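In what follows, a single structure is set out as structure tokens and then discussed.
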Amino acid sequence: IPVDPFDLVIFGGTGDLAQRKILPALFRRHCAGQLTGAERIIGAARTDLSNAEYRTIVAEAVRVNAGAKACSGGALAAFLERISYVALDALGEAGWQELSRQLRPAGEAPVRMFYFSVGPGLFGPLAEKLHSHGLANADTRIVVEKPFGRDLVSARELNRTLASHFDEGQIYRIDHYLGKETVQNLMAVRFGNMLFEPLWNSQYVDHIQITVAETVGVEGREEYYERAGAMRDMMQNHLMQLLCLIAMEPPAKFDPDAVRDEKLKVIRALDPVEPHHIVRGQYQARLDPSDPHPSYRGLVCNPRSSTESYVALKAHISNWRWAGTPFYLRTGKRLVNRSSVINVMFKDAPHSIFGAEAGRHANHLKIRLQPNEGITLSVTIKEPGQGGMRLVDVPLDMSFAEALGPEGGDPPDAYERLIMDVVRGNQTLFMRGDEVEAAWAWTDPLIAGWKSRGDVPKPYESGSTGPGDADLLMRRDGREWRGIN
Ligand code: NAD
């Protein structure tokens, strides 16, 4: 569906994120016919570049990152027609008049968007500059990247600064996890089916596991990561967002504030986490000498670093639906596989009519966010062919790619979906200011706790499943992590 003509300014238009994600996403939407012809995309960054030089950068970014489905040379040429560049300093006066000259009046481009793809220290100055140069009006939208603050105080401060120039309805705080097809499918599965929701509570669910495992380390982001760690970089935003979607009450309708109100209630109902329910880890080099990757400490050149590259914790939500059902969350770098998965582990049947030899079996719903997006429900059946009544678990497996077939097409990348939602003015998949603050209010004491205890992260080998203590966290409760695969 074509969208309204827009002018999009990408602050940080020469940066890594712009080149790897934002520009390729826009190109793919262009190829999909969603840009109707009049859209303009203006890169803005500090480097001095001509339009032609910037277009060369954009062409290369698209060629490398737009994926196998990148369309013909003609399409790229047409896309580049939309692109221009302004050299500009977010902290100074250079370039702002030129930017103002390039933007069209509201009549020609009803939607005006500014994407803040720069370091978080520039979010406030950019908002102020947009106002002092008269570039923002009531219909202007700003897109703000993560990290949104590094604690409650800084997030509040940032919210206050943005709020002094923009209404909440104009601010799009991006968490690209929310743009993933399967994450949206979480809501469809829960609230579009009768099958799951009646069982979706502590009476039937034993526990829930959320895993976001990465094989990459922190190369290229050393300075930022050393100050952030897995808790700030992943847990406070991506994993908490997944937790909210899995645990929230059904909103009355699928509209931005109804959904975000319910997510906020989940965060506010989270209990503080007991110190012995958190495990922090830090990756070591592999024992295999053929693996060239250094340890975390080697990479950040800090032999005493106590920043965690892994965190696992057990959380409780104190409300009627979830009291008594623990949520186990873990995320880490340099793990054995790249995998984002949610496992909903149902309770055993209350009584086995088949006797002890049939074994105990419980249903298990596995929601794979990546790779191979899809859902598997394990169902217990009779083991075929045996004389006795022995039970066995079999998967009811649905891969979204297979189920939707070739006509389903390639699902759009998260950034494609989210940028188009900004054009449409739909904030459902963006975090509201109070949500972000509530998430920091929950994570701040955990970070302060391990700081005051002088906690040192547990070492784990690169390419493993994480520190052994994370397994203990589960085993102490008579449970185990479902494999990272
Ligand atoms: P980057 O360092 O690669 O790019 C920064 C950009 O900002 C460059 O274009 C640079 O010219 C511009 N810039 C810096 N100072 C400026 C100034 N004073 N005035 C105007 N422009 C200025 O950073 P990045 O990796 O692209 O990240 C951008 C933002 O996105 C950061 O907030 C980062 O945390 C966030 N983010 C990045 C990724 C990623 O994969 N790269 C993922 C998630 C979030």
Side-chain angles (χ1 to χ4, degrees), residues 8-26 41-49 53-54 56-58 60-61 64-65 83-99 102 114-130 132-133 135 142-150 154-155 158 161-162 171-180 212 214-230 232-239 241 331 333 338 340 370 413-415 418-419 422 430-431 436:
L8 166 64
V9 178
I10 308 173
F11 293 117
T14 58
D16 176 67
L17 186 71
Q19 293 196 43
R20 279 194 311 109
K21 293 290 182 186
I22 304 170
L23 289 159
L26 288 161
I41 298 160
I42 305 168
R46 252 186 327 193
T47 323
D48 243 331
L49 294 171
E53 285 167 327
Y54 186 58
T56 307
I57 293 174
V58 174
E60 182 63 9
V64 175
N65 298 305
I83 306 274
S84 63
Y85 182 78
V86 177
L88 165 151
D89 184 1
L91 299 170
E93 289 307 310
W96 287 94
Q97 287 208 337
E98 173 57 19
L99 180 61
Q102 289 203 19
F114 297 97
Y115 199 127
F116 292 9
S117 181
V118 292
L122 295 182
F123 295 167
L126 279 177
E128 277 157 18
K129 280 275 184 292
L130 288 175
S132 62
H133 288 274
L135 300 182
I142 59 167
V143 185
V144 186
E145 262 299 334
K146 79 165 208 187
F148 198 87
R150 57 173 276 108
S154 54
L158 188 50
T161 306
L162 297 182
I171 305 170
Y172 291 74
R173 294 174 195 78
I174 231 170
D175 182 326
H176 71 272
Y177 263 65
L178 295 182
K180 287 179 188 290
V212 176
E214 298 179 283
T215 51
V216 294
V218 303
E219 282 79 0
R221 305 167 66 211
E222 293 89 339
E223 205 185 313
Y224 155 74
Y225 200 90
E226 179 63 355
R227 279 173 39 78
R232 288 191 172 96
D233 186 50
M234 297 292 290
M235 187 67 80
Q236 184 272 348
N237 38 65
H238 304 319
L239 277 90
Q241 287 295 319
T331 180
K333 304 238 172 254
R338 172 171 173 263
S340 299
Q370 66 184 25
D413 173 75
Y415 279 86
L418 293 174
I419 294 170
V422 182
F430 295 83
M431 293 179 296
V436 180

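Quick note: numbers below take in every heavy atom, side chains included, and nothing from hydrogens, waters or symmetry partners. Start at 1 and go down the list; that is how both ligands and their atoms are numbered. Just so we're clear, the structure is a prediction, and the values are computed from it rather than from any experiment.
- Between S117 and ligand 1, not a single N/O pair is under 3.5 Å apart.
- Of all atoms in ligand 1, numbered sequentially from 1 with element shown, those under 4.0 Å from a heavy atom of T14 are 8 (C), 9 (O), 11 (O).
- For atom 29 (C) of ligand 1, the nearest protein heavy atom (residue, atom name, distance) is V118 O, 3.4 Å.
- Backbone and side-chain nitrogen or oxygen atoms of A90 are examined, and one is located within less than 3.5 angstrom of a nitrogen or oxygen of ligand 1.
- Nearest residue to atom 11 (O) of ligand 1 from A45, G220, G12, G121 is A45 (criterion: closest heavy atom).
- Across all non-hydrogen atoms, the minimal contact from A25 to I419 is CB-CD1, 4.3 Å.
- Between I10 atom CD1 and F116 atom CZ the span is 13.0 Å, to the nearest 0.5 Å.
- The K146 neighbourhood of ligand 1 comprises atoms 32 (O), 33 (C), 34 (O), 35 (C), 36 (N), 44 (C), with distances under 4.0 Å to a heavy atom of that residue.
- There is a protein heavy atom closer than 4.0 angstrom to atom 7 (O) of ligand 1.
- Note that CG of L99 and CG of L130 are 8.0 Å apart. Values are rounded to the nearest 0.5 Å.
- Residue-environment remark: CZ (R221) exceeds the threshold of 12 foreign heavy atoms within 6.0 Å.
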(message) Working note: F430 + L418, criterion side-chain contact (heavy atoms from CB on, under 4.5 Å); need CA distance, chi angles, decisive distance, verdict.
(response) CA-CA 8 Å; F430 295 83; L418 293 174; 3.8 Å; yes

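- At the shortest separation from atom 43 (C) of ligand 1 among protein heavy atoms lies E145 OE1, 3.8 Å.
- Closest heavy-atom contact between Q241 and D175: CG-OD2, 3.4 Å.
- Between the side chains of H176 and E145, no donor-acceptor pair of N or O atoms lies under 3.5 Å.
- Ligand 1 places these atoms under 4.0 Å from at least one heavy atom of R46: 11 (O), 14 (C), 15 (N), 16 (C), 17 (C), 18 (N), 19 (N), 20 (C), 21 (N).
- Side chains of Y177 and N237: a donor-acceptor N/O pair is absent below 3.5 angstrom, by distance only.
- Residue E219 places its CD atom among more than 12 non-hydrogen atoms of other residues, nucleotides or ligands, all under 6.0 Å distant.
- With ligand atoms numbered from 1 in the order given, ligand 1 contributes 19 (N), 20 (C) to contacts under 4.0 Å with heavy atoms of L88.
- Taking the six-membered ring where the residue is Trp, Y54 and Y85 present tilted rings, their angle falling between 30° and 60°.
- Atoms of ligand 1 lying under 4.0 Å from at least one heavy atom of P147, given by number and element, are 34 (O).
- Near R20, meaning under 4.0 Å from any of its heavy atoms, are these atoms of ligand 1: 39 (C), 40 (O), 41 (N).
- The protein non-hydrogen atom at the shortest distance from atom 4 (O) of ligand 1 is G15 CA, 3.3 Å.
- Scanning the protein heavy atoms around atom 25 (O) of ligand 1, the nearest turns out to be D16 CB, 3.5 Å.
- For F123, no nitrogen or oxygen atom sits less than 3.5 Å from a nitrogen or oxygen atom of ligand 1, counting backbone and side chain alike.
- Among all protein heavy atoms, the one lying closest to atom 27 (O) of ligand 1 is L17 CB, 4.3 Å.
- Listed by number with element, the atoms of ligand 1 under 4.0 angstrom from any heavy atom of D89 are 17 (C), 18 (N), 19 (N).
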